[in-house]
Amino acid sequence: MHRDHNIFIQAIKGRKKILIKHHSENGRDASTKVCCPLFYIPAGEKGSPGHYYFWEDEKGPEGNIVSVKANNIVHIGQTHEPFDPVGLTLLSREDTSLEHS
């Protein structure tokens, strides 16, 4: 669990976007983004780190889900920008049609 975990949880409860700064998997590059917090999966029994999940909406309502290991997160910050989880599109209409079954 990251030291800013409470900010993440409060953002979910308050439906506010967060500012996340994290390192890439290789640990060399860092990026900062405004994202919607989704959920957290704690560390596993075999030493795997916890993961934070975010909705990255750079592409509008059809953004993507981003998973970041807790140990790659530098900082989670608050914003006052609201988000509505109902507006998130996890599947396109084409993906859910019976024709593609």
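Computed from a prediction, not measured in an experiment: that's the story for all the values here. We're numbering straight along the sequence, starting at 1.
For the side chain to side chain donor-acceptor pair (under 3.5 Å) test, residues two or more places apart in sequence or in another chain that qualify with Lys69 are Glu25.
Between Asp4 and Val74, the shortest heavy-atom contact is OD2-O, 4.5 Å. For Gly77 against Ile7, the heavy-atom pair with the smallest separation is C-CG2, 4.0 Å. Summarising the geometry of Ile12 relative to Leu38, their closest heavy-atom pair is CD1-O, 3.6 Å, with the distance given to 0.1 Å. In this structure, Ile20 and Cys35 approach most closely via the heavy-atom pair CG2-SG, 4.0 Å. Between Ala11 and Pro37 the shortest heavy-atom distance is CB-CG, 3.7 Å.
If you chain together hydrophobic residues whose side chains sit under 4.5 Å apart, Ile65 and Ile41 fall into the same group. Hydrophobic clustering keeps Leu19 apart from Ile76 (ILVMFWY residues linked when any side-chain heavy atoms are closer than 4.5 Å, directly or through intermediates). Side-chain heavy atoms closer than 4.5 Å link hydrophobic residues (I, L, V, M, F, W, Y) into clusters, and following such links, possibly through other members, connects Ile9 to Ile73. Note on Ile18: it does not cluster hydrophobically with Phe83, by side-chain heavy-atom contacts below 4.5 Å among ILVMFWY residues.
Within the 6.0 Å centre-distance limit, the rings of Phe54 and Phe8 are counted as a close aromatic pair.
A donor-acceptor pair is defined here as one N or O able to donate and one able to accept, closer than 3.5 Å; no such pair exists between the side chain of Arg3 and the backbone of His75. Although no hydrogens or angles enter the test, the distance criterion places a donor-acceptor pair under 3.5 Å between the side chain of His51 and the main chain of Pro49. Tyr52 places a side-chain N or O within 3.5 Å of a backbone atom of His2 that can act as its donor or acceptor partner. No donor-acceptor distance shorter than 3.5 angstrom exists from the side chain of Tyr40 to the backbone of Ala70, with no hydrogens or angles considered. The main-chain N or O of Ala43 is never found under 3.5 Å from a side-chain atom of Ser48 such that the two would form a donor-acceptor pair.
Taking CD of Gln78 as the start and NZ of Lys17 as the end, the distance is 16.0 Å to the nearest 0.5 Å. Note that NE2 of His22 is 10.5 Å distant from CG of Asp29, once rounded to the nearest 0.5 Å.
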Show your reasoning for whether salt bridge (Lys or Arg N to Asp or Glu O under 4.0 Å) applies to Glu81 and Lys16.
CA-CA 6 Å; Glu81 189 176 348; Lys16 302 287 184 192; over 6 Å; no
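Between Asp84 and Arg15 there is a side-chain heavy-atom pair separated by less than 4.5 Å.
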